[in-house]
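First the structure, in the form of structure tokens, and then the observations on it.
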Amino acid sequence: MQERYEPAVVEAQAQAFWDERKAFAVTEDPNKPKYYCLSMFPYPSGRLHMGHVRNYTIGDVITRFMRMQGYNVLQPMGWDAFGLPAENAAMQNNVPPAKWTYDNIAYMKSQLKSLGFAIDWDREVATCDPRYYRWNQWLFLRMLERGIAYKKTGVVNWDPVDQTVLANEQVIDGKGWRTGAIVEKREIPMYYLRITDYAQDLLDSLDQLPGWPERVRTMQANWIGRSEGVRVSFPYELDGERRLLNVFTTRADTLMGVTFCAVAAEHPLASYAARSNPALAAFIEECKHGTAMEAELAVMEKKGMPTDLFVTHPITGARVPVWVGNYVLMTYGEGAVMGVPAHDERDFHFAKKYGLPIIQVIDTGSGLWALGSSQSTDDPPLASARSPKPSSPIPDEWDVAFESHGVCVNSGKYDGLGYREAVDAIAADLRASGLGDKQVQWRLRDWGISRQRYWGCPIPLIHCPKCGDVPVPDEDLPVALPEGLVPDGSGNPLAKTPSFLDCRCPKCGGAAKRETDTMDTFVDSSWYFLRFASANNDQAMVDERANYWMPVDQYIGGIEHAILHLLYSRFWTRVMRDIGLVSVKEPFENLLTQGMVLNDIYSRRSPDGRVQYFNPVDVEVELDSKGSRVGARLKRDGQPVEWEGMRTMSKSKNNGVDPQQLVSEYGADSVRLFMMFKSPPEDTLEWSDDGVEGAARFMRRLWRVVYEHVRAGDGSQATADSPKAGCAPTEACSLSSADLTDAQRALRRAAHATLAKVTDDIGRRRVFNTAIAAVMELMNTLSKFEDDSAAGRAIVQETLELIVQMLSPIVPHASQALWEALGHAGDPLIDRPWPKPDPAALVQDTIEIVVQVNGKLRGRVNVPAEATDDIVREAALQDANVQKWTEGKQIRKVIVVKGKLVNVVV
RNA sequence: GCCGGUGUGGCGGAACUGGUAGACGCGCCGGACUCAAAAUCCGGUUCUGGCAACAGAGUGUGGGUUCGAUUCCCUCCACCGGCACCA
């Protein structure tokens, strides 16, 4: 054994050792319980960042732990390889996206290997590989056949200078990122997937995912956004024909308070009214400009304009004016709302601004301004009566709408009804007259998958002038993406490539054009976990092996994918199940969302207002005598820099840390140990160079302790007639407790208690920081143990073997080396079963009991482990310090908590 | 605005089921080794008072339940995340 710990050598050896054995290649074995551990696959951006390292280390720890638990564990890896960054890089460097992508994959793969992850590389997939994306195309055609995929026009961001569609992130302040031109909304035909057909099931099934974080389930539920209400139809006449204006409302109880209706700018009624009204047409144009992003709409001022159209109130028959309002969304509900200014804040502002009448139809409770507490309702109050100023109940003097539920007033036959009864009664009346009914409304919209981009999976359709849109026949799949093109930023290069574009119609054989749109990259990532389980099958998208491995037992990835990726995957898996391709509907049994990796941000503001950021490695932090941060200076010039707190590592803030440099400086094991030790996996991780240094220090210390133990004699000899690590309870342990000294027994107990804790922390709680802390504590205990007797050395041997085994999922390379040094040459530690604590070692003869007087700690007593409550009570009361506090006082009560404490109440 | 989460030493964090608050690590202070430094090792490190034994205070704020609360309940405050003219 080497005296010095040299991670580079140790890690190369361990990796070669595993490679030789193809240690991580797995096959479907019906005799073993399976475990599918999956980390979200990376986008091949160039190099790994710390978030990747953290993500994949967590997955690797679980993978290796479960393997030692006896599971047949699959941990695959692949590449989410299509996407916009490749096109941008291509433009910058004049290299085709394919080359850039494949080069990045090669480099990042070497990085993953250097970190020692237990990955089955035989199953590697890249989504830009035609052998992968042909199945996107194949399943898309199946969806088309079933009506799950369909075509309709959709709104996109259009750059009028480059004549190209922009992604949302390419629109900055409403302008194109390259041209600076004002971006327009434009309607073009696109393909959609009917995810809304699955909305109810996607929502309901969230309850059946107890292994998902509450947070993610809530986010998904909000995103799906189910809302129950009533569809109300307002009849009107147009060109002598009776028509209906439909609106959706959750407050049908306020229907009698309607004083106007408002429609979205894109609503057909708005377009109709604009034909004879140039001012209105101009207003509608104005509303259509700006981005398609909702976040920016949210801050716009409420504006509107009247049409000269009127509709009829479905119950009172009153004439109701129709307005166009910029606050009405065409994409939600019916694209139109009924305006009840008295009881809706937006309607209220709108009515105030344009002088529309306000009619109160809900009692505010006391007749005065109802604040949170005073409504009489059959439902919890909704909100927003915030004005503290009680004033007259006359709506004219309101300064905010009364939105809480309450009793109907001023509503004819509905007077006196509460929220629920009023909604029921009004819905029933509407149903009877054919002017409405109860309806469930979803926030979730169908998934538009068309992207007007080059570097993606081609949508397999052919546009024939005679036959229309014709699906590409299965036997012609894949529709291969030409890989040599370099986009120039103006439109999709596929549209300028005749060899791709021009084709024959599969139906009539005439000249036709291929669809040039490609699929959203979320399509690629919606089923890759199934492909890993059926890798290399040229004949089918998935096969029976998918049913062996699925569902994924543990999925690990960033919280940023809490909504879209996870929702799309759940949807896609359901579609595949409905088509009969797989048997599961929920793809991910347990989900772990790892926290972000943060680092300090240092900056300087120059007089002209420009901000310069400095990497933390170039900054010297100044501390006071207690170690508190008091300032920071740039090492180069000794001048102060500003500390801006900690944020996720990014290029723009210049606070990134390169994992590769750390691996070459400290070794993969130290980096892995630090990342697992610093914070629990779900929390953010604050980077610290000192912390990595500390992890490396621990590794060197562990190495040295094993080295010194081994050097003092053949370690395995010492165990010849002593307990083996984790000897089964039935197995006779040759060193019976009775023969050991107190110190020897204490160390054995500490070792086995630590094993029990570490097993629970990794296996059940999935917290690695406390597992590592427990092992460090055991190391501290071990350092204080000095005993050269045969029994002493045997126990040290046992303890070291346990430590090495417990750490092996986290620091696998060094663990393998140390395992060999401890007398197991050539024995792969990864194939060792996880040790079990020896119950005999855990037995204690005496235990320490804490004694409190009135809940305050006043002493400790040692009692036999099997002592009765009475004996413990007496021992506690005899304690000198306890007597001091109870002397002259009357003891009212003594509480004894078995094995833990005694509380004396005086 | 709605939904969810989090507040513990100088810092990251621990205390899992109501039972010794601050494990473990970083940093800092002191010591050993060294000509010296690095590395390593030993000791200390919540605050206040005390040489010490020890005592008092202490887990964002204010209250409550309990023999006992970081943990449960209520109030308020701060921060983080998600959603949002969603009708």
Side-chain angles (χ1 to χ4, degrees), chain A residues 213-223 225 227 229 247-251 262 294-295 297-302 325-329 331-340 344-347 349-350 382-384 386 403 441-443 559-560 562-563 596 621 623-630 674 677-680 683-695 697-698 700-701 704 757 760-761 764-765 767 769-777 779-780 783 848-860 881 884 892-895 897 899-906:
Chain A
E214 180 71 41
R215 185 160 69 126
V216 175
R217 287 188 285 162
T218 314
M219 281 162 70
Q220 292 223 344
N222 288 343
W223 186 262
S227 133
V247 304
F248 173 76
T249 179
T250 54
R251 292 301 304 273
E294 288 177 16
L297 289 173
V299 295
M300 278 163 60
E301 194 199 343
K302 271 173 206 51
N326 69 345
Y327 72 98
V328 185
L329 300 175
T331 47
Y332 185 76
E334 305 283 349
V337 297
M338 64 183 207
V340 186
D344 180 276
E345 198 183 315
R346 294 154 306 174
D347 297 345
H349 288 309
F350 196 78
L382 261 186
S384 98
R386 276 170 293 111
E403 293 191 329
Q441 194 57 240
W442 302 89
R443 206 195 78 94
I559 187 72
E560 67 274 19
I563 298 173
M596 308 244 172
V621 177
L623 303 171
D624 66 14
S625 65
K626 277 188 167 175
S628 308
R629 178 202 300 269
V630 290
F674 165 71
F677 177 61
K678 183 78 178 175
S679 335
D683 290 10
T684 54
L685 184 150
E686 300 186 357
W687 188 260
S688 105
D689 290 328
D690 290 329
V692 189
E693 185 58 59
R697 192 177 304 149
F698 176 80
R700 286 194 294 268
R701 184 175 165 214
R704 193 182 57 245
K757 174 168 175 58
D760 188 50
D761 280 355
R764 179 181 63 89
R765 298 177 64 206
V767 284
N769 56 329
T770 50
I772 295 166
V775 175
M776 288 176 167
E777 217 177 332
M779 280 286 288
N780 292 341
S783 303
E848 188 185 68
I849 299 286
V850 169
V851 188
Q852 297 178 336
V853 178
N854 285 349
K856 284 199 188 283
L857 176 66
R858 296 302 180 194
R860 296 153 199 274
N881 203 43
K884 200 173 104 193
R892 290 220 321 256
K893 204 173 178 187
V894 179
I895 290 142
V897 180
K900 281 226 162 111
L901 65 73
V902 174
N903 189 13
V904 182
V905 186
V906 297

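In what follows, chains carry the letters A, B, and so on, assigned in the order in which the sequence lines appear, proteins first and then strands, with residues in each chain numbered from 1.
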(message) Measuring to OP1 and OP2 of B:A69, would you say a side-chain N or O of A:K856 lies under 4.0 angstrom away?
(response) no
(message) Expressed as a whole number of angstroms, how long is the span from A:Y332:OH to B:C85:P?
(response) 11 Å
(request) Kindly point out which of B:U20, B:C24, B:G13 is positioned nearest to the side chain of A:N769? (result) B:G13
(message) Distance check needed: B:G1 P versus A:E403 CD, whole Å only.
(response) 12 Å
(message) Closest approach to the side chain of A:F248, judged atom by atom: which nucleotide of B:G12, B:U20, B:A87 is it?
(response) B:A87
Please list, pair by pair, any protein nitrogen or oxygen found under 3.5 Å from a nitrogen or oxygen in nucleotides 27-29 of chain B.
residue	atom	partner	partner atom	Å
B:C28	O2'	A:S625	O	2.2

(request) Using salt bridge (Lys or Arg N to Asp or Glu O under 4.0 Å) as the criterion, list what pairs up with A:E693, not counting sequence neighbours. (result) A:R700
(message) I need the CZ-P distance between A:R251 and B:A87, as an integer number of Å.
(response) 11 Å
(request) Could you please name the option among B:G13, B:C24, B:G19 that lies closest to any side-chain atom of A:D683? (result) B:G13
(message) Counting only side-chain nitrogens and oxygens, does A:R700 get under 4.0 Å of the OP1 or OP2 atom of B:U40?
(response) yes
(message) Rounding to an integer number of angstrom, what distance separates B:U46 and B:G9 when you compare their C1' atoms?
(response) 5 Å
Polar atom pairs (N or O), protein with nucleotides 16-18 of chain B, under 3.5 Å:
residue	atom	partner	partner atom	Å
B:C16	O2	A:R764	NH2	2.6
B:C16	N3	A:R765	NH1	3.2
B:C16	N4	A:K757	NZ	2.8

(request) By nearest nucleotide on RNA chain B, pick out whichever of A:T249 and A:L901 is the more 5' one. (result) A:L901
(message) Considering every strand and a 4.0 Å limit on heavy-atom distances, what is the contact class for A:D347: base, sugar-phosphate, or nothing?
(response) nothing
(request) Enter the distance from A:K678:NZ to A:L685:CG here, rounded to the nearest 0.5 Å. (result) 7.0 Å
(message) I'd like to know if the side chain of A:N854 and the backbone of A:V906 have a donor-acceptor N/O pair within less than 3.5 Å.
(response) yes
(message) Taking B:A52 as the reference, what is the distance to B:G60 when you measure between their C1' atoms (whole Å, please)?
(response) 35 Å
(message) Please enumerate all residues that pass salt bridge (Lys or Arg N to Asp or Glu O under 4.0 Å) together with A:D760, with sequence neighbours excluded.
(response) A:R764
(request) Kindly indicate whether the side chain of A:M776, heavy atoms from C-beta on, has any atom under 4.5 Å from the side chain of A:F677. (result) yes
(message) I need the CH2-P distance between A:W687 and B:G13, as an integer number of Å.
(response) 15 Å
(message) Rounding to an integer number of Å, can you tell me how far A:M596 CE sits from B:G12 P?
(response) 19 Å
(request) In whole angstrom, give the distance that lies between atom CG of A:L685 and atom P of B:G12. (result) 12 Å
(request) Return no unless some side-chain N or O of A:R858 is found under 4.0 Å from OP1 or OP2 of B:U20. (result) no
(request) Evaluate whether atom CZ of A:R701 has more than 12 neighbouring non-hydrogen atoms of other residues, nucleotides or ligands under 6.0 angstrom away. (result) yes
(message) If the cut-off is 4.0 Å, is A:R346 near the phosphate of B:C86, judged by side-chain N/O to OP1 or OP2?
(response) yes
(message) In the structure I gave you, are the side-chain heavy atoms of A:I559 and A:R215 within less than 4.5 Å of one another anywhere?
(response) yes
(request) Between B:C11 and B:C47, how far apart are the P atoms? Round to whole Å, please. (result) 12 Å
(request) Show your working on side chain to side chain contact (heavy atoms under 4.5 Å, CB included) between A:F698 and A:M779 and close with a plain yes or no. (result) CA-CA 10 Å; A:F698 176 80; A:M779 280 286 288; 3.8 Å; yes
(request) Please figure out whether A:K884 or A:E686 has its closest RNA chain B nucleotide nearer the 5' end. (result) A:E686
(request) Report the residue from A:V902, A:L901, A:V904 that forms a side chain to side chain contact (heavy atoms under 4.5 Å, CB included) with A:Q852. (result) A:L901
(message) Using the P atom as the point on both nucleotides, what is the distance between B:U6 and B:U17, in whole Å?
(response) 13 Å
(message) Tell me the closest heavy-atom pair linking A:T684 and A:S679, and the distance in Å.
(response) O-OG, 3.2 Å
(request) Could you check how far CD of A:E777 sits from P of B:A15, rounded to whole Å? (result) 12 Å
(message) When you measure from the side-chain N and O atoms of A:R443 to the phosphate of B:A84, is any distance below 4.0 Å, counting only OP1 and OP2?
(response) yes
(request) Could you tell me whether B:G9 is syn or anti, where syn means a glycosidic angle within 90 degrees of zero? (result) syn
(request) Write down the distance separating the C1' atoms in B:C16 and B:A21, rounded off to the nearest Å. (result) 15 Å
Polar pairs (N or O, both sides) under 3.5 Å between protein and nucleotides 63-67 of chain B?
residue	atom	partner	partner atom	Å
B:C67	O2'	A:N903	ND2	3.4
B:C67	O2	A:N903	ND2	2.5

(message) Can a donor-acceptor pair be found, under 3.5 Å and without considering hydrogens, that links the side chain of A:E403 to the backbone of A:E345?
(response) yes
(message) As an exercise, state the distance from CD of A:E777 to OG1 of A:T770, rounded to the nearest 0.5 Å.
(response) 11.0 Å
(request) Check whether any side-chain heavy atom of A:N881 sits under 4.5 Å from a side-chain heavy atom of A:K884, and report yes or no. (result) yes
(request) Would you mind telling me which of B:C3, B:A55, B:U20 lies closest to the side-chain atoms of A:T218? (result) B:C3
(message) Rounded to the nearest 0.5 Å, what separates atom CH2 in A:W442 from atom CH2 in A:W223?
(response) 15.0 Å
(message) Using atom C1' in both nucleotides, what's the gap between B:G56 and B:C42 to the nearest angstrom?
(response) 32 Å
(message) What stems show up for RNA chain B when you take Watson-Crick pairs (N1-N3 plus N6-O4 or O6-N4) and G-U wobbles (N1-O2, O6-N3), both under 3.5 Å, and require three or more consecutive pairs?
(response) B:1-7 with B:77-83, B:10-12 with B:24-26, B:27-32 with B:40-45, B:46-49 with B:54-57, B:62-64 with B:72-74
(message) Can you confirm whether A:V905 sits close enough to A:R892 that some side-chain heavy atom of one is under 4.5 Å from a side-chain heavy atom of the other?
(response) yes
(message) If I pick the C1' atom on B:C72 and the same atom on B:G18, what distance separates them, to the nearest angstrom?
(response) 8 Å
(request) Supply the atom-to-atom distance A:T331 OG1 to A:R443 CZ, rounded to the nearest 0.5 angstrom. (result) 9.5 Å
(message) How close do A:E686 and A:F674 get, counting heavy atoms only, and between which atoms?
(response) O-CZ, 4.4 Å
(request) Using the C1' atom on both, measure B:A36 against B:A55 and round to a whole Å. (result) 46 Å
(message) In whole Å, I'd like the distance from the CZ atom of A:R215 to the P atom of B:C2.
(response) 21 Å
(request) For A:S688, answer base if it contacts any base atom (sugar-phosphate contacts may also be present), sugar-phosphate if it contacts only those atoms, and nothing otherwise; contact means non-hydrogen atoms under 4.0 Å. (result) nothing
(message) Can you tell me if A:N222 touches the phosphate of B:C86, counting only side-chain N or O atoms and a distance under 4.0 Å to OP1 or OP2?
(response) no
